[in-house]
Amino acid sequence: MKLSDYRNEYNRFTLDESGLDPNPRVQFHHWLKEAMDDNAIEPTAMTLSTVNAEGQPTSRIVLLKNYEEDGLRFFTNFDSRKGQDLAHNDRACLMFFWPSLHRQVRFEGRVHKLSAEIADEYFHSRPVESRISALASPQSQPVSRSDLEQRVQALQKQYGDHPPRPENWGGYVLVPEHIEFWQGRSCRLHDRFVFNRTDSEWTVSRLAP
C-alpha cells in the first residue's frame with residue numbers, strides 16, 4: 001500500500017462551543033485527565049520546538065511537570081541544544097498529541113527559567129538514578145556509552161543516595177499567549193478552537209479545519 005493511500009477516520013469525539021471551558025488551562029486539564037483515564041501512552045509527553053541563532057527550528061519530546069497559573073513547566077539541562085536555543089530566542093512552542101483520542105493541543109509563547117528553589121524541590125523528588133543521570137550527562141554533547149556508564153558509576157560512589165542538583169540543570173516555564181485545541185473529526189472536518197491572550201483575558205475563535 002502506498003503511504004498516500006493510508007487513511008484513518010477520527011470519529012470518537014466532537015468539540016463545540018458549549019463543551020469548551022472559557023479558561024484554556026481548565027480545558028487542557030480536562031483533556032489531560034481524559035487522556036490519562038483513556039490510558040494514553042505518555043500523556044504528559046509534549047513536543048518542544050525551538051529556533052537557534054541561525055534560524056533553524058528543531059523539535060524534541062519533553063515531559064510536562066506542572067501547568068498552573070504561571071504556565072507549563074519542564075526541566076532539563078541548560079547546556080543542552082534546547083537550552084542554548086532558548087538562551088538565544090525565548091519564543092517556543094509546546095504541542096501535545098493524544099492519538100487514541102484524536103486530539104492535539106498547541107501552546108505558543110515565551111519561556112523563562114524557574115527559580116533555583118523550584119528546581120531543587122523537583123530535582124530532589126526524582127528517583128536517585130535519575131538524579132545521578134542528570135549529573136553524569138553532558139547533554140547534547142558527543143559521548144560514548146562506556147564513558148557515560150563510567151561517569152554514572154563514579155558519581156554513585158561519590159554521592160551515594162544524595163547527589164546534588166547540577167548548577168546547569170533546572171526548570172523552564174512557557175507562558176502561553178496562543179493555545180489551540182484540535183479535535184479530529186470524520187471526513188477531515190476537524191474542530192479547532194484558538195485562544196489568544198489580550199492583556200489578562202483570553203479571546204476564543206473557531207478555526208476552519
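Position 1 is the first residue of the sequence, and the numbers go up from there.
Looking only at distances, no side-chain donor or acceptor of His112 sits under 3.5 Å from a matching main-chain atom of Val175. In this structure, Arg106 contributes its side chain and Met95 its backbone to no donor-acceptor pair below 3.5 Å.
Taking a cutoff of 4.0 Å between a charged side-chain nitrogen and a carboxylate oxygen, Asp38 and Arg103 do not qualify as a salt bridge. Electrostatic pairing of Glu69 and Arg25 counts as a salt bridge here, judged by a charged N lying under 4.0 Å from a carboxylate O. Using a 4.0 Å cut-off between charged nitrogen and carboxylate oxygen, Asp191 and Arg206 count as a salt-bridge pair.
Residues passing the side chain to side chain donor-acceptor pair (under 3.5 Å) test with Ser144 are Ser146, Asp147, sequence neighbours excluded. The side chain to side chain donor-acceptor pair (under 3.5 Å) check on Ser186 picks up nothing, with sequence neighbours excluded. Applying the side chain to side chain contact (heavy atoms under 4.5 Å, CB included) criterion to Asp21, with sequence neighbours excluded, gives Asn23, Val26, Gln27, His30. With sequence neighbours excluded, the residues forming a side chain to side chain donor-acceptor pair (under 3.5 Å) with Ser59 are Ser49, listed by chain and number. Taking the side chain to side chain donor-acceptor pair (under 3.5 Å) definition, one finds that Arg60 meets it with Thr50, sequence neighbours left out.
Taking each heavy atom of Ala40 and Ser100 in turn, the nearest pair found is CB-OG, 4.1 Å. In plain terms, the two heavy atoms of Leu15 and Phe193 that are nearest each other are O-CE1, 3.5 Å. Smallest separation of non-hydrogen atoms from Pro24 and Phe181: O-CZ, 3.4 Å. Between Asp90 and Arg110, the closest heavy-atom pair is OD1-NH1, 2.7 Å. Across every non-hydrogen atom of Cys93 and Glu108, the tightest pair is SG-CG, 4.1 Å. Heavy atoms only, all atoms of each residue included: Val51 and Asn89 are closest at O-CB, 3.9 Å.
The side-chain heavy atoms of Ile118 and Phe75, taken from C-beta on, include a pair separated by under 4.5 Å. Side chains of Val128 and Pro163 form a contact here, defined as non-hydrogen atoms less than 4.5 Å apart. By the 4.5 Å heavy-atom criterion applied to side chains, Gln139 and Lys82 are counted as neighbours. For the pair Tyr122/Asn66, no side-chain contact is recorded, criterion being any heavy-atom separation below 4.5 Å from C-beta on. In this structure the side chain of Val62 never reaches within 4.5 angstrom of the side chain of Thr76, judged on heavy atoms. In this structure, the side chains of Leu135 and Tyr159 come closer than 4.5 Å at one or more pairs of heavy atoms. Annotation: side chain of Arg91 is in contact with side chain of Glu177 (closest heavy-atom distance under 4.5 Å). The shortest distance between side-chain heavy atoms of Pro22 and Val204 does not fall below 4.5 Å.
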Result block: side-chain N/O donor-acceptor pairs under 3.5 angstrom for residues 148-158, not counting sequence neighbours:
| residue | atom | partner | partner atom | Å |
| --- | --- | --- | --- | --- |
| Glu149 | OE2 | Arg145 | NE | 3.1 |
| Arg151 | NE | Ala136 | O | 2.6 |
| Arg151 | NH2 | Ala136 | O | 3.1 |

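Summarising the local packing, CD of Gln84 is surrounded by more than 12 heavy atoms from other residues, nucleotides or ligands at distances under 6.0 Å.
Hydrophobic clustering (side-chain heavy atoms under 4.5 Å, transitive across Ile, Leu, Val, Met, Phe, Trp, Tyr) keeps Leu48 apart from Val173. Cluster membership for Trp182 and Trp98, using ILVMFWY side-chain heavy atoms within less than 4.5 angstrom, is not shared. Under the 4.5 Å side-chain heavy-atom criterion for Ile, Leu, Val, Met, Phe, Trp and Tyr, Leu94 and Trp31 are members of the same hydrophobic cluster. Cluster annotation: Ile179 and Leu174 are assigned to the same hydrophobic cluster (Ile/Leu/Val/Met/Phe/Trp/Tyr, side-chain heavy-atom contacts under 4.5 Å, transitive).
Under the 30°/60° scheme for interplanar angles, the aromatic rings of Phe107 and Tyr67 are found to stand perpendicular.
Annotation: cation-pi geometry satisfied between Arg188 and Tyr10 (NZ/CZ under 6.0 angstrom from ring centroid, within 45° of ring axis). Judged by the 6.0 Å distance and 45° axis criteria, Lys113 is positioned over the aromatic ring of Phe78.
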Asn52/His88 under side-chain contact (heavy atoms from CB on, under 4.5 Å): CA gap, chis, key distance, verdict
CA-CA 7 Å; Asn52 69 11; His88 166 74; 5.8 Å; no
